[in-house]
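Small disclaimer: the values here were computed from a predicted structure and weren't measured. So that the names make sense, note that chain A is the first sequence line, chain B the second, and so on, each numbered from 1.
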Amino acid sequence: MRASEHLRTLLQTIIAELGFAWPAKATIEPPKDKRHGDLAANCALVLAKEADKNPRQLAEELAAKLRASSPSIAEVAVAGPGFLNVTFSPAFWQGKVAEVERTGERFGASALGVGKKAQVEFVSANPTGPLHIGHGRGAAVGDSLVRILRLAGYETEAEYYINDAGKQMHTLGRSVWLRARELAAAQNGAAALRPPFPEDCYQGEYIIDIARDMLAANPALTGLPEADGIDACYEYGMKVIFDGIRQDLADFQVTHDVWFSERGLVERGSVEKTLAMLRGTGHAFEEDGALWFNTTAFGDDKNRVLRKSDGSLTYFASDIAYHADKYARGFDLVIDVWGADHHGYIPRMRAAIAALGQQQSAFEVILVQLVNLLREGEQIAMSTRAGTFETLADVLQEVGTDAARFMFLSRKSDSKLDFDLALVKQRTMDNPVYYVQYAHARVEALHRRAAERGIDAAARAGNDADLALLVESAELDLLRLLDRFPQVAEDAAANLAPHFISYYLMELAGVLHHYYAAHQILDANNPALTSARLRLLRAVAQALKNGLALLGVSAPDSM
RNA sequence: GCGCAGUUAGCUCAGUUGGAUAGAGCGUUGGCCUCCGGAGCCAAAGGCCGCAAGUUCGAUUCUUGCACUGCGCGCCA
């Protein structure tokens with residue numbers, strides 16, 4: 001059991017004996033200053049008014065009872081205005097190792113989402129070009145959230161929404177079509193006469209590659225009527241680009257369980273059904289020849305169009321139907337990962353969620369800020385249309401999946417990120433993925449070395465090394481950090497914040513490196529102590545590995 | 001003009017339900033034994049937590065105003 005839960009249980013009992021309930025504002029947290037003990041509780045401060053007592057006096061009473069309550073409590077001090085500073089016995093902390101051994105890959109699991117279904121929709125890039133670095137950040141955040149929610153007990157699905165019903169798809173078809181005609185004209189020696197490539201088409205080189213492939217397979221392509229040609233180009237282009245996107249995501253260790261097509265949604269009539277429902281509930285109305293949704297009734301700035309006066313549907317209309325579909329599939333928590341430039345879209349989406357009869361808490365949007373791609377401090381311009389961006393594939397090729405993922409996940413999603421290619425390749429603390437991975441590799445190296453030297457008594461005799469030998473302050477620091485991991489993982493899930501994990505891992509790696517430098521682990525003259533230490537380090541390695549797994553970063557045995 | 005986010009050490013950033021002397025890395029300066037992996041460790045310097053009021057035992061955290069930065073504000077997606 002976590003130290004904080006253990007202490008809370010003890011205090012709750014004591015407070016109940018005094019005739020009070022556990023105050024809602026009471027907290028139990030590790031104090032900033034280690035000298036104040038392992039955990040600090042403010043319940044005496046919070047309870048003082050209700051109990052009509054001086055906070056310090058009340059704290060003294062609680063402290064006396066707490067000292068006698070359990071052998072796991074080594075010391076209770078009253079400090080400051082009335083904090084209870086609690087120190088646990090070494091035996092309590094040493095028991096953490098066995099807990100990690102018992103739970104293994106599940107160490108860090110919590111009951112936060114047990115019995116609930118969650119869905120994370122992320123990337124969902126239109127298949128009009130390869131993924132770029134910004135998509136990479138969304139992919140890392142979304143995929144990590146899925147892993148974090150799963151460990152927190154949620155039954156979680158990862159989904160990719162394919163916008164294959166909109167105007168951009170037609171633009172893609174037209175872009176490929178026009179490039180194909182250019183290529184065909186060039187073959188006939190008529191290049192000088194061709195019109196300039198339109199600005200509103202996709203400029204990237206990949207469009208030309210696709211057109212060239214199509215022509216090679218079917219030289220008669222450009223003889224088709226224009227509408228048919230564009231359709232063919234669209235179908236083929238989308239397939240090629242999607243294959244590329246799937247490959248990029250696979251290389252980035254990102255998995256989607258469901259690929260959901262907007263076109264399918266439209267063809268099934270789901271959008272029409274949703275619009276009819278909105279009409280039925282009085283939220284949708286006709287005006288100026290268009291169909292509107294009165295989102296202002298739910299706090300939006302202005303009402304929004306669902307069906308334009310030309311009869312075509314807006315993106316918003318199908319998006320409402322899409323979200324209705326999500327809830328129909330039974331998700332209790334629907335999470336959308338969006339680029340931060342879409343934040344203006346949130347109020348109308350929240351309006352839609354409310355109109356669908358869902359609680360606001362059943363819908364969360366994670367905004368992922370822009371990635372500023374640099375090389376040696378110099379900005380690299382990015383624009384899909386101009387074709388001047390750096391693709392995710394190129395970046396991964398250069399810096400590797402682990403470094404890229406850790407960089408994306410070591411920052412709050414909703415803050416801008418400078419991604420310097422030169423920096424992410426460096427093996428310094430500017431780029432802490434190596435610091436954390438090195439900690440894991442270091443532990444593995446120690447075990448290998450111990451086996452070579454034949455001094456790993458614990459490995460030979462099973463996990464019965466005497467943990468009571470772990471009394472150094474650095475050892476207790478490691479044990480305390482192990483205790484915190486389940487709470488960190490749960491907080492990361494509750495706050496949808498993968499960066500909590502990154503920061504925890506950097507701290508754990510730091511304490512491990514400190515310990516390693518301060519103490520000789522392998523000591524042939526003291527096999528009992530060596531075994532105990534190796535057993536502790538095995539648990540630390542497990543925590544590092546589990547944490548890295550939540551980020552989708554590997555935990556190498558050697559580097 | 002309106003809305004949303006942000007402003008913490010020279011740089012890049014943590015700090016979520018209000019707590020004790022505000023943290024980390026990088027950079028700078030100075031150290032680390034013929035020893036388990038130096039991708040490491042130890043130490044020092046470095047701060048009006050954007051500014052100003054308010055709320056209370058207590059504010060980087062909550063409220064309001066202001067300044068600056070970014071992003072949005074379409075019958076686009």
Side-chain angles (χ1 to χ4, degrees), chain A residues 24-25 27 29 31-33 35-36 40 42 45-46 48-49 55 79-83 85 126 128 163 165-169 171 262 287-292 300-319 339-347 367 369-370 372 377 410-412 414-418 420 423 426-439 441-450 452-453 455 491 494-495 497 499-500 502-504 506-507 509-510 512-524 530 533-534 558-559:
Chain A
K25 289 176 76 176
T27 58
E29 291 171 334
K32 284 176 195 156
D33 191 332
R35 286 170 301 184
H36 290 137
N42 69 349
L45 283 164
V46 178
K49 232 173 227 170
F83 289 103
N85 290 334
N126 291 348
T128 58
N163 297 127
K167 198 167 73 179
Q168 290 186 25
M169 291 297 91
T171 303
E262 179 187 9
E287 193 177 295
D288 300 333
L291 182 67
W292 297 72
D300 197 7
D301 290 346
K302 51 181 102 169
N303 292 329
R304 308 290 172 174
V305 171
L306 296 167
R307 192 203 316 280
K308 297 177 245 177
S309 48
D310 70 2
S312 63
L313 295 169
T314 61
Y315 175 84
F316 182 42
S318 55
D319 217 10
D341 54 341
H342 288 73
H343 73 253
Y345 195 74
I346 294 177
L367 291 179
Q369 274 287 358
L370 290 176
N372 198 16
S410 60
R411 208 123 310 169
K412 224 169 16 182
D414 191 21
S415 65
K416 277 182 305 178
L417 172 67
D418 286 341
D420 192 317
L423 207 74
Q426 273 176 31
R427 293 167 173 188
T428 69
M429 261 308 265
D430 263 336
N431 187 21
V433 62
Y434 295 111
Y435 185 79
V436 176
Q437 288 185 319
Y438 184 53
R442 199 165 223 185
V443 172
E444 294 304 324
L446 276 171
H447 280 88
R448 283 196 298 273
R449 184 55 52 92
E452 283 166 26
R453 294 188 185 176
I455 54 177
D491 289 347
N495 294 285
H499 74 281
F500 285 10
S502 316
Y503 276 86
Y504 171 82
M506 288 187 258
E507 189 176 354
L512 177 93
H513 289 311
H514 169 82
Y515 175 53
Y516 178 89
H519 300 283
Q520 180 79 21
I521 310 299
L522 304 181
D523 183 353
T530 299
R533 288 178 163 176
L534 287 171
S558 64
M559 298 171 65

Counting side-chain heavy atoms from C-beta on, which of [options] comes nearest to [X]?
{"X": "A:F83", "options": "B:A20, B:A5, B:U12", "value": "B:A20"}
{"X": "A:A40", "options": "B:A77, B:A20, B:A39", "value": "B:A20"}
{"X": "A:K412", "options": "B:G15, B:A5, B:G37", "value": "B:G15"}
{"X": "A:R453", "options": "B:C13, B:G37, B:C36", "value": "B:C36"}
{"X": "A:L45", "options": "B:C36, B:U16, B:G19", "value": "B:G19"}
{"X": "A:A497", "options": "B:C36, B:U16, B:C75", "value": "B:U16"}
{"X": "A:A79", "options": "B:U17, B:A20, B:A77", "value": "B:A20"}
{"X": "A:W292", "options": "B:C75, B:A39, B:G40", "value": "B:C75"}
{"X": "A:D341", "options": "B:G37, B:A20, B:G72", "value": "B:G72"}
{"X": "A:F500", "options": "B:A39, B:U16, B:C36", "value": "B:U16"}

Fill in: Criterion side-chain contact (heavy atoms from CB on, under 4.5 Å) on A:L522 and A:L446, from CA distance to verdict
CA-CA 8 Å; A:L522 304 181; A:L446 276 171; 4.0 Å; yes

Worksheet item: With a centroid cutoff of 5.5 Å and a plane-angle limit of 30°, would you call A:H342 stacked on B:G72?
Response: no

Worksheet item: Do we see A:H514 stacking on the base of B:G40, given a limit of 5.5 Å between centres and 30° between planes?
Response: no

Could you let me know what [N] is paired to, Watson-Crick or G-U wobble, both distances under 3.5 Å, or none if it's on its own?
{"N": "B:C76", "value": "none"}
{"N": "B:C11", "value": "B:G25"}
{"N": "B:U56", "value": "none"}
{"N": "B:U61", "value": "none"}
{"N": "B:G37", "value": "none"}
{"N": "B:G3", "value": "B:C71"}
{"N": "B:A45", "value": "none"}
{"N": "B:C66", "value": "B:G50"}

Output the rounded distance in Å from [atom1] ([X]) to [atom2] ([N]).
{"X": "A:Q520", "N": "B:U34", "atom1": "CD", "atom2": "P", "answer": "14 Å"}
{"X": "A:K302", "N": "B:C4", "atom1": "NZ", "atom2": "P", "answer": "15 Å"}
{"X": "A:L367", "N": "B:G6", "atom1": "CG", "atom2": "C1'", "answer": "13 Å"}
{"X": "A:L423", "N": "B:C11", "atom1": "CG", "atom2": "C1'", "answer": "11 Å"}
{"X": "A:N42", "N": "B:A20", "atom1": "CG", "atom2": "P", "answer": "11 Å"}
{"X": "A:Y515", "N": "B:C35", "atom1": "OH", "atom2": "P", "answer": "20 Å"}
{"X": "A:Y516", "N": "B:C35", "atom1": "OH", "atom2": "C1'", "answer": "9 Å"}
{"X": "A:D420", "N": "B:U12", "atom1": "CG", "atom2": "P", "answer": "12 Å"}

Discussion item. I want to confirm an ordering. Mapping A:N85 and A:S558 to their closest nucleotides on RNA chain B, which one lands closer to the 5' end?
Written reply: A:N85

Practice prompt. For A:R449 and for A:L417, locate the closest nucleotide of RNA chain B by heavy-atom distance; then report the residue assigned to the nucleotide nearer the 5' terminus.
Written response: A:L417

Categorize [X] for me: base, sugar-phosphate, or nothing, with a 4.0 angstrom heavy-atom threshold over every strand shown.
{"X": "A:H513", "answer": "sugar-phosphate"}
{"X": "A:Y345", "answer": "base"}
{"X": "A:N126", "answer": "sugar-phosphate"}

Worksheet entry | Rounded distance (nearest 0.5 Å) linking atom CZ of A:R533 with atom OH of A:Y515 | 4.0 Å

Practice prompt. State whether the distance check finds a donor on one side and an acceptor on the other, under 3.5 Å, for side chain A:S309 versus base B:C75.
Written response: yes

Discussion item. Can you confirm whether A:Q369 sits close enough to A:L417 that some side-chain heavy atom of one is under 4.5 Å from a side-chain heavy atom of the other?
Written reply: no

Item to complete: Kindly assign one of parallel, tilted or perpendicular to the pair A:Y315 and A:Y345, based on the angle between their ring planes and the thresholds 30° and 60°.
Response: tilted

Practice prompt. Check step by step if side-chain contact (heavy atoms from CB on, under 4.5 Å) holds for A:T171 and A:T128.
Written response: CA-CA 9 Å; A:T171 303; A:T128 58; over 6 Å; no

Worksheet entry | Under 4.0 angstrom between A:R442 side-chain N/O and B:G38 OP1 or OP2 | yes

Discussion item. Between A:V305 and A:F316, is the side-chain contact (heavy atoms from CB on, under 4.5 Å) condition met? List the steps.
Written reply: CA-CA 8 Å; A:V305 171; A:F316 182 42; over 6 Å; no

